[in-house]
Amino acid sequence: MEHQHAPGEECPKCWAKVSTPLFCESCKAILPATANPSPFDALGVEPSYPIDAMALRKRLLTLSRQLHPDFHIHADTGTRALAERNTAELNAAFEILSDDFRRADWIVKSLAGPSESDERQMPSEFLAEVMEWNETVEDARDAPADSPARAELDPLATSLEEQRARVMSEISDRLVPLPEAHAPVLREVRRRLNAVRYIDRTLGEIAELRLADASSER
Amino acid sequence: MPFLELDVLNNPNNAILGIDLGTTNSVAAIWQDGRPTVLRPPGQNDGRIPSVLHFPEDGGIVVGRNARALATESPESSLFSVKRLMGRGLEDVRTDLDGIPFEGSETDSGLLQLEIRGKKYSPQELSARILHHVWQVAGAALGELAPLRAVITVPAYFDDAQRQATRDAARLAGLEVARIVNEPTAASLAYGLDQKNDGTVAVYDLGGGTFDVSILSIEEGVFRVLSTSGDTHLGGDDIDQTLVELALSELAGKADEATLADPAFRQGIRLSAEKCKIELSSRPESELHVVAPEHGIAWRRTIRRAELEERIAPLIQRTLDACRRAMADAKLQPSDIDEVVLVGGSTRVPAVRSQVQEFFGREPHTALDPDEVVALGAAVQGHVLSGGTRDMLLLDVTPLSLGIETMGGAVSKVIDRNSPIPTQVTEGYTTYADNQTGIDFNIVQGERELARDCRSLGTMKLSGIPPLPAGMARVAVRFSLDADGVLNVTAKEESTGTEASIDLAPMHGLTDPEVEQMLLDSYDHAQEDFDASRLANLRIEIGTMSRAVSSHLASAIGLDRDTVLDIEEAVAAAEKSATTSDVAAVQAARDELERATLPLAAALMDSVAKRALEGKTLDQV
């Protein structure tokens, strides 16, 4: 395994403390890519579930201004490849951290919590509820655009949005402060994340139906 | 330690050309004197270079304005809209081929080819001809050899195969691609340079053959694409097609079926449909003509603007569907958009403008020329890439999700659409049988759940896995999209550290050795091709000049008898010379004709039209 230049470590070129394993902001050196750095490390932010979205975006823009391959096109092949690779890592890290679900999912994985398939079993009451959602969506799908069956989608979407917000806040409660690795609470988080997957799938189907409606309305 | 930036600002050799390789027209631009400038052919105000190829009977290829001029009289040997064929297979382009007067076929590896005058050409080679011509025009405008490095734009919604085909076309044209940039994103750069305001911008780009919509956030010089959507088969060509269909249905009783199905005849109708459409953007009605004496057809029909609008309503609707999707993906409402920028010649259609305005609830920004803004943006990006500035940065996204086919034909998503690029994802795979040393993957792009409904990028063969019991191998496959949006795949067996090798056969594309072979072949035939093309161009110029002489000579006032005789002699000599194949002699005859007609051009300029004709030579009259 290559040596990781984690935040707080020294830059191998100028010995300044680095804030990200991708880049030394002091000597502007692009650091040798490390395999799968933590997204928090990549962006140089404190690992924590709550995140300041604006500060995160500013970090992305600041680091992109230094790392992006557009600014290294005249460098040697090795540096160019490194710029491309580290920008890819940066972008992938930003995608994880800027999304509440993906951020929680990454934290559970990194703390050796259960995986999605480990907690596949959902409570039967929840599954019964999911079947009801599916029925509402299927009925609406087969019905004409302005039918009562279609009108059922709006209250369903509202209730799913509320439910999602509630479950996400339960997840947040369990991830603040960050649990220890292997902590039992990670299992509770994973179960809730799996529930959110069900909610998101249904919300996605409703969104598709709405797009299709908007298209045929004229 | 101070950071040393390379001093490339004052080194013109590092300049990078911006090229908008369009379906109907292409445009070249470059950063000059602190701003992007369109490179116009000398003596022209119009920077658009028609993306048209013409194949004269006796060899050579004519490209651009001359090809466009010839297409009207001989549609059977002219080719339009090659871009629609890029990175596509025969089945994908069946309907496009109906209007193309050449036979299409496919090689064993799925590469599309057109047979033109006994020779087979891939869309990549044909686009390379256009790119080479655009590069020559750029050089003529600059008065020196144009840079060999270029930023080339593609529709944002282009998939991997279409992007690779564009990159290969540029290589075949002898150009080094500094970056492939999405058209709406390039346009936003030109817009941002113009406006310098932070905010959220929607770019609506309806070109000749493709539609894109991109939602961007502009923040302190960083142009970050939030989402993009579109259709790589929707544009001005389709608007023309609605009029072609109208003509064909009304001609049904008046012409025999063979005529109606004749691609050359259809191409002729398309040209007049295009003219009619353009006129309808500034007038309430226009005429659609179909005149084909060889088929005994002379048909005219008045088209009202409302009639065209009714026919194209479904097309505009499709663009608005894509806008809705882009807005949903960006999680924004139309009221969140600060500005709507219109790009592409088709946004001149009044119905398009009004419906876009209605959709976003605001008047679109129209200060920029919709035909030139993409090339200008490409030149801005060229300036950034040449090291000229760090004030601007484009952060773009991939338009389509990338996945691999799993057992049972479902798609397992690896990279989601609208992910910022470059990006990478590493997935772990294992073997199903003891001592299995290879794994095959079908890589697909698209949003559908089943692999057969998505577009396959080709099958990837992973080999070199060390022989291990089933399930013991740990193969980490790294999928990465580079800054051009093109896929690269690498793999490593983790328990032994063995690099597994990846062999990805491109679908409908060229392999690197094929591109190299084509380049070698083109060097071999370079002189031949060059002579044939030059001869064809000279003949066209002689034809244009002698037609101008015959229509203006009688009416020109103040020419003495000797001058008239001199002109007539030069015309006769040039026309005679044009039937031979001696390039040097034809060139001399053409130059002589130009010299002889100078007094005629001067006399015409003295006449009523003087002001309008200023600065033009006779062949531009």
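Lettering follows sequence order; numbering is per chain, from 1.
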Item to check | Evaluation steps, side-chain contact (heavy atoms from CB on, under 4.5 Å), between A:L61 and B:E220 | outcome: CA-CA 9 Å; A:L61 300 190; B:E220 293 166 25; 5.8 Å; no
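Separation of atoms CD (A:E89) and OG1 (B:T426) is listed at 7.0 Å; rounding is to 0.5 Å. Atom CG of B:L395 sits about 5.0 Å away from atom OG of A:S64, to the nearest 0.5 Å. Rounded to the nearest 0.5 angstrom, A:R57 CZ and B:R224 CZ are separated by 6.0 Å. The distance from the CZ atom of B:R478 to the CZ atom of A:R85 is 3.5 Å, given to the nearest 0.5 Å.
The two atoms that bring B:V384 and A:F71 nearest to each other are CG1-CE2, 3.7 Å, heavy atoms only. Of all non-hydrogen atoms in B:L385 and A:I73, the two that sit nearest each other are O-CG2, 2.7 Å.
Only the backbone of B:D391 comes within contact range of chain A, with heavy atoms under 4.5 Å apart. Residue B:Q381 touches chain A through its side chain alone, counting heavy-atom pairs closer than 4.5 Å. Proximity to chain A (any heavy atom under 4.5 Å) is shown, for B:R318, by neither the backbone nor the side chain. Using a 4.5 Å cut-off between heavy atoms, B:R325 touches chain A through backbone and side chain atoms alike. Neither the backbone nor the side chain of B:I415 comes within contact range of chain A, judged by heavy atoms closer than 4.5 Å. Heavy-atom distances place no part of A:R210 under 4.5 Å from chain B, backbone and side chain included. For a residue to count as touching a neighbouring chain, one of its non-hydrogen atoms must lie under 4.5 Å from one of that chain's; by this rule B:M392 touches chain A with the backbone only. Contacts of A:E84 with chain B are made by both backbone and side-chain atoms, with heavy-atom separations under 4.5 Å. Of the two parts of B:A178, the backbone and the side chain both hold a non-hydrogen atom closer than 4.5 Å to a non-hydrogen atom of chain A. With a 4.5 Å cut-off on non-hydrogen atoms, B:S480 does not touch chain A at all. Using a 4.5 Å cut-off between heavy atoms, A:A207 makes no contact with chain B at all.
For the pairing with B:P420, the side chain to side chain contact (heavy atoms under 4.5 Å, CB included) check across A:N91, A:L90, A:T87 returns one residue only, A:N91.
Within a 6.0 Å sphere centred on CD of A:E170, heavy atoms belonging to other residues, nucleotides or ligands number more than 12. Counting heavy-atom neighbours within 6.0 Å of B:E310 CD, excluding the residue itself, gives a total of 12 or less. The number of heavy-atom neighbours closer than 6.0 Å to CZ of A:R141, taken from other residues, nucleotides and ligands shown, is above 12.
Interface summary for chain B: among A:H68, A:R65, A:E95, the most heavy-atom pairs under 4.5 angstrom belong to A:R65.
Residues of residues 190-201 of chain A lying under 4.5 angstrom from chain B, judged on non-hydrogen atoms, do not exist.
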